[in-house]
Amino acid sequence: MEFINIPTALFSSPEYIGAEPVQRATWISLLAWCCEQENGGIIEGCRSWGMRRWMQTCGVTDQEINEENELYHFDGDHLVVFGYPPEIQETLKVTRIPSRENGKLGGRPKKTNVETNIGTNAGTEEKPTSVFSETNVGTGIGTNVAPYVETYPKTVREGKERKEGNNGGKKTTTVNSTPEEEPPADPVPPPTPHESFPGFSPGTSPSYDSSAWIALQPLAEWVKTLRPGWDVSKFTGTERSALLTMHKSLGGVVPEAAKDCVSRYLAAAPANASKWDYPPDRLLFMKTFGEIVQKAFAWDRAQPRPKKKFKPEQPRQPEGPVVDTDTAAAEIRVLMKEIGLGGNEE
């Protein structure tokens, strides 16, 4: 299947509502791969897969798969994905049978002479009236009008009648035999980075002077800044094709948070890092961009955060004048003696 048929009711189901955001994203990736494979929503024999196998197959990690939830679960060694549309799969299988049989017979049946003969009444009576169809049936009139159209006045080309002279005392007119000219179309601006370039199929490599490549320039310049040496040479045809595919998978926009996270992740690459974790070249990076973004965010979450330092509170200066303790004690003894609390002292 080329499309995922997901009823909107699934997004209100208890299975979806009770899942975490990461589990929902993992479920979408699993469902997309199942629809592509048309496996009935069951990934067989996948319990023993490692992280690399999961990443390369479905774009998820084994840790995400092993989290218990209702959107996907293991049944023995098989993973069952919730919400797969088996009825759509069966419908597609039924519709493919006639197409396969017609292909074995050589495609569509050829048209007969009755269908293609426009010189008979059967082929012309029910067709809409047209100057070309009427003048080209059985005569040579109107068969080569291109040289004369250029010499016609503008009013005639626009469909207005014009007097050409008298023919036996009768006035004759000519009818425009060319379709009305359409007004010139507005110039098409170059596509913006968020467009999907429908004219380019997967595997197509946009040329350097195409509008598609001009729109891809900001994304290409960002890729060049990620690793040392990536900005030395121009993008090859294979790299331009990979960048176009990467552009379509992103919907044309890379969030600034993702750019910053990926840049810091690649800058912190260890010396003996795996090429699947830290791509050494631009082509592998663009082909595995979705996996690199997931790894970059996981790496960023695992980084220690600096703790906020609190400054110790400075001792406050007591209010009022500063009094010496000995002087204060003497004053207190005098005061107590005056009010009769100090006892008899000799």
Joint cluster assignment, Met55 & Trp276, ILVMFWY side-chain distance < 4.5 Å: no

Inter-residue atom distance Leu226.CG - Asp231.CG, 0.5 Å rounding: 10.5 Å

Separation between CG of Asp281 and CE of Met286, rounded to the nearest 0.5 Å: 8.5 Å

Stepwise side chain to side chain contact (heavy atoms under 4.5 Å, CB included) check, Cys46 with Ile43: CA-CA 6 Å; Cys46 61; Ile43 306 177; 3.8 Å; yes

Shortest non-hydrogen contact between Ala242 and Lys287, atoms and distance: CB-CG, 4.4 Å

Pi-cation contact, Trp27 with Arg24 (under 6.0 Å, within 45°): no

Cluster overlap Leu30 with Val22, hydrophobic side-chain contacts below 4.5 Å: no

Audit row: Ser233, Glu239, side chain to side chain contact (heavy atoms under 4.5 Å, CB included) steps and yes/no: CA-CA 11 Å; Ser233 59; Glu239 290 177 331; 5.6 Å; no

Axial cation check for Phe235 ring with Arg240, 6.0 Å and 45° limits: no

Trp230 side chain to Pro280 backbone, donor-acceptor under 3.5 Å: yes

For the student: nearest non-hydrogen atoms of Pro85 and Cys35, plus distance: CD-SG, 4.4 Å

Interatomic distance, Leu71 atom CG to Ile28 atom CD1 [nearest 0.5 angstrom]: 8.5 Å

Side-chain donor/acceptor of Asn69 to backbone N/O of Glu67, under 3.5 Å: yes

Val60 side chain near Ile65 side chain, heavy-atom distance below 4.5 Å: yes

Sub-4.5 Å side-chain heavy-atom contact between Ile292 and Asp277: no

Straight-line distance of Glu331 CD to Leu335 CG, nearest 0.5 Å: 9.5 Å

Over 12 non-hydrogen atoms of neighbours within 6.0 angstrom of CD in Glu68: no

Val223-Val293 co-clustered via ILVMFWY side chain contacts under 4.5 Å: yes

Donor-acceptor under 3.5 Å (Thr57 side chain, Trp54 main chain): no

Under 3.5 Å donor-acceptor, Asn66 side chain and Asp62 backbone: yes

Same apolar cluster (I L V M F W Y, side chains within < 4.5 Å links), Val262/Leu219: yes

Aromatic ring proximity Tyr16/Phe82, centre distance under 6.0 Å: no

Intermediate values then yes/no, side chain to side chain contact (heavy atoms under 4.5 Å, CB included), Ser274 and Arg52: CA-CA 11 Å; Ser274 170; Arg52 179 173 297 181; 3.5 Å; yes

Pairwise distance CD(Glu64) to OG1(Thr61) - rounded to 0.5 angstrom: 3.0 Å

Tyr278 and Lys295, any side-chain heavy atoms less than 4.5 Å apart: no

Beyond-backbone contact of Gln63 with Met51, side-chain heavy atoms, under 4.5 angstrom: yes

Exercise: identify the closest heavy-atom pair between Trp299 and Ala268: CZ2-CB, 3.7 Å

Minimal non-hydrogen separation, Pro218 against Ile214, with atom names: CD-O, 4.1 Å

Steps toward side chain to side chain contact (heavy atoms under 4.5 Å, CB included) verdict (Val81, Ile42): CA-CA 6 Å; Val81 182; Ile42 300 176; over 6 Å; no

Inter-residue atom distance Tyr265.OH - Asp260.CG, 0.5 Å rounding: 15.0 Å

NZ/Lys224: more than 12 non-hydrogen atoms of other groups inside 6.0 Å: yes

Heavy-atom pair with the smallest gap, counting every atom of Cys261 and Ala296: SG-O, 3.2 Å

Sub-4.5 Å side-chain heavy-atom contact between Asp77 and Ser48: no

Whether Ser13 side chain and Ala9 backbone form a donor-acceptor pair below 3.5 Å: no

Flag side-chain contact, heavy atom, 4.5 Å: Leu266 against Pro279: yes

Single-linkage hydrophobic cluster Leu79~Leu10, side-chain heavy atoms < 4.5 angstrom: yes

Side chain to side chain, Glu38 and Tyr84, heavy atoms closer than 4.5 Å: yes

Atom of Ile17, atom of Ser12 and distance for their closest heavy-atom approach: CD1-O, 3.3 Å

Intermediate values then yes/no, side-chain hydrogen bond (donor to acceptor under 3.5 Å, both in side chains), Gln23 and Tyr72: CA-CA 9 Å; Gln23 296 171 349; Tyr72 49 88; 5.5 Å; no

Residue pair Glu44 / Asn39, side-chain heavy-atom distance below 4.5 Å: no

Donor-acceptor contact below 3.5 Å, side chain Gln294 vs main chain Gly59: yes

